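Predicted model only: the values in this text are computed from it and were never measured. Each chain gets a letter, A, B and so on, in the order its sequence line appears, and its residues count up from 1.
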Protein chains: 2
Amino acid sequence: MPKPLPLLDPLPSADVCCTPLTSAPLSAEQAEDLAVRLKAIADPTRLRLLSIVLSSQGMEACTCDLTGPLGLSQPTVSHHLKKLAAAGLVVGERRGTWTYYRVVPDALAALAAVITPGG
Amino acid sequence: MPKPLPLLDPLPSADVCCTPLTSAPLSAEQAEDLAVRLKAIADPTRLRLLSIVLSSQGMEACTCDLTGPLGLSQPTVSHHLKKLAAAGLVVGERRGTWTYYRVVPDALAALAAVITPGG
DNA sequence: CCACGAGATCGACGTCGATCAATCTCTTGT
DNA sequence: ACAAGAGATTGATCGACGTCGATCTCGTGG
């Protein structure tokens with residue numbers, strides 16, 4: 001019987017999560033925090049990773065399902081998944097031998113909201 | 001009398017602009033194109049640049065207004081403005097000695113729309 | 001208890017990008 | 001026509017990052 005494990009870094013602090021871009025000049029710290037999360041998705045491989053997971057049945061996929069479509073090695077895929085998880089954009093759940101990853105829609109929505117003009 | 005000059009790269013092709021992230025797996029080309037534009041804003045200095053311009057009166061600022069608040073050299077600021085302009089996120093207009101930059105809200109909105117889940 | 005397999009970590013390598021000083025271009029004012 | 005100033009470009013430097021092979025960890029099955 002597969003038991004879920006945390007296994008990943010806890011979600012990063014959400015207290016600085018939603019400072020709007022249009023209201024006032026960002027502080028160096030706010031800009032750094034936002035940039036870290038945007039860098040997580042500003043990579044072609046990670047964008048493809050997200051899109052593949054989102055279009056999989058059950059909205060989840062294990063690492064082994066991703067190496068093939070991406071044409072990348074397993075360590076590289078794990079590296080990218082770790083970055084996405086550190087940014088809170090995906091969560092991984094260990095079920096038996098495999099680790100299944102799901103996208104966190106709220107995290108994506110929050111990122112979109114920050115860069116939306118007039119929002 | 002100041003005459004406006006193009007002086008910047010034309011806006012990048014908008015034909016691949018809006019492929020949604022959630023509908024289907026992105027191709028390598030689509031992911032690359034999206035990543036280029038996301039990289040433009042995935043930098044703390046450029047995020048601060050955008051926020052400063054957006055919160056300036058008239059929604060515009062010249063390069064000389066930006067070096068001070070950012071604490072960076074003039075060539076570095078020009079470098080970042082060029083990157084933002086190449087991604088179509090800002091446009092520059094030469095007026096006399098100074099070049100004034102404005103944010104392109106539609107470009108920001110398009111970027112936000114792509115990463116919006118369920119969109 | 002041991003072999004196998006999935007996934008995470010480590011170390012190394014190559015490339016890209018942020019930054020600056022120096023220089024170049026162009027406009028303004030004298 | 002010339003000096004001054006704003007901004008863009010160039011070249012160099014240094015750190016960050018993507019990628020891989022090798023190794024490590026851990027759960028599964030015999």
Side-chain angles (χ1 to χ4, degrees), chain A residues 1-9 28 31-32 35-50 53 60-87 90-102, chain B residues 1-9 28 31-32 35-50 53 60-87 90-102:
Chain A
M1 57 295 296
K3 61 173 186 286
L5 294 181
L7 179 39
L8 292 166
D9 304 338
E32 184 65 40
V36 166
R37 288 182 291 156
L38 284 173
K39 278 180 199 291
I41 61 172
D43 176 89
T45 296
R46 290 193 283 271
L47 286 170
R48 296 185 70 192
L49 263 174
L50 289 174
V53 172
E60 64 180 15
C62 65
T63 309
C64 58
D65 293 330
L66 300 168
T67 55
L70 293 173
L72 295 174
S73 69
Q74 176 266 320
T76 300
V77 173
S78 273
H79 164 72
H80 287 301
L81 287 169
K82 183 177 182 177
K83 279 219 153 188
L84 289 172
V90 302
V91 286
E93 176 185 347
R94 189 79 183 237
R95 289 205 295 269
T97 305
W98 303 276
T99 306
Y100 289 90
Y101 286 89
R102 297 190 312 277
Chain B
M1 57 296 295
K3 60 172 187 284
L5 295 181
L7 178 39
L8 292 166
D9 304 336
E32 185 66 39
V36 166
R37 288 183 292 156
L38 283 173
K39 278 181 199 293
I41 61 171
D43 177 90
T45 297
R46 288 192 285 271
L47 286 171
R48 296 185 70 191
L49 264 175
L50 289 175
V53 173
E60 64 180 15
C62 65
T63 308
C64 58
D65 293 331
L66 300 168
T67 55
L70 293 174
L72 293 174
S73 69
Q74 176 266 318
T76 300
V77 173
S78 272
H79 163 72
H80 287 301
L81 287 169
K82 183 177 183 178
K83 279 221 151 187
L84 289 172
V90 302
V91 286
E93 177 186 348
R94 189 81 182 236
R95 288 208 294 270
T97 306
W98 303 276
T99 305
Y100 289 89
Y101 286 89
R102 296 190 313 278

For A:Lys39 and B:Ala42, indicate whether the former's side chain and the latter's backbone hold a donor-acceptor pair under 3.5 Å.
yes
Short side-chain N/O contact from A:Tyr101 to OP1 or OP2 of C:dA8, under 4.0 Å:
yes
Return the angle between end axes of the helix from C:dC1-D:dG30 to C:dT30-D:dA1, with five pairs used per end and rounding to 10°.
20°
The nucleotide from C:dG7, D:dT28, D:dC17 with an atom nearest the side chain of A:Thr97 is D:dT28
Which nucleotide in the set C:dG7, C:dT19, D:dA8 lies at the smallest distance from any side-chain heavy atom of A:Ser78?
C:dG7
Has A:Arg46 got a side-chain atom pairing as donor or acceptor with A:Ala40's backbone, closer than 3.5 angstrom?
yes
Which nucleotide in the list C:dA18, D:dT28, D:dA6 gets nearest to the side chain of B:Arg46?
C:dA18
By nearest heavy atom, map A:Thr76 and B:Gly71 onto DNA chain C; which one lands nearer the 5' end?
A:Thr76
So if I take every side-chain heavy atom of A:Lys83 and compare against D:dC20, C:dC20, D:dG18, which nucleotide ends up nearest?
D:dG18
Picking from D:dT19, D:dT9, D:dA6, which would you name as closest to the side chain of A:His79?
D:dT19
Tell me whether B:Glu32 is salt-bridged to A:Arg48, with the criterion being a basic N under 4.0 Å from an acidic carboxylate O.
no
Out of C:dT9, D:dT19, C:dA6, which nucleotide sits closest to the side chain of A:Trp98?
C:dA6
Where the side chain of B:Cys62 is defined as all heavy atoms beyond and including C-beta, which of D:dG7, D:dA22, C:dT19 is the nearest nucleotide?
D:dG7
Can you figure out which of D:dA6, D:dA8, C:dA18 approaches the side chain of B:His80 most closely?
C:dA18
Mind calculating the distance between CG (B:Leu81) and P (C:dG17) to the nearest angstrom?
17 Å
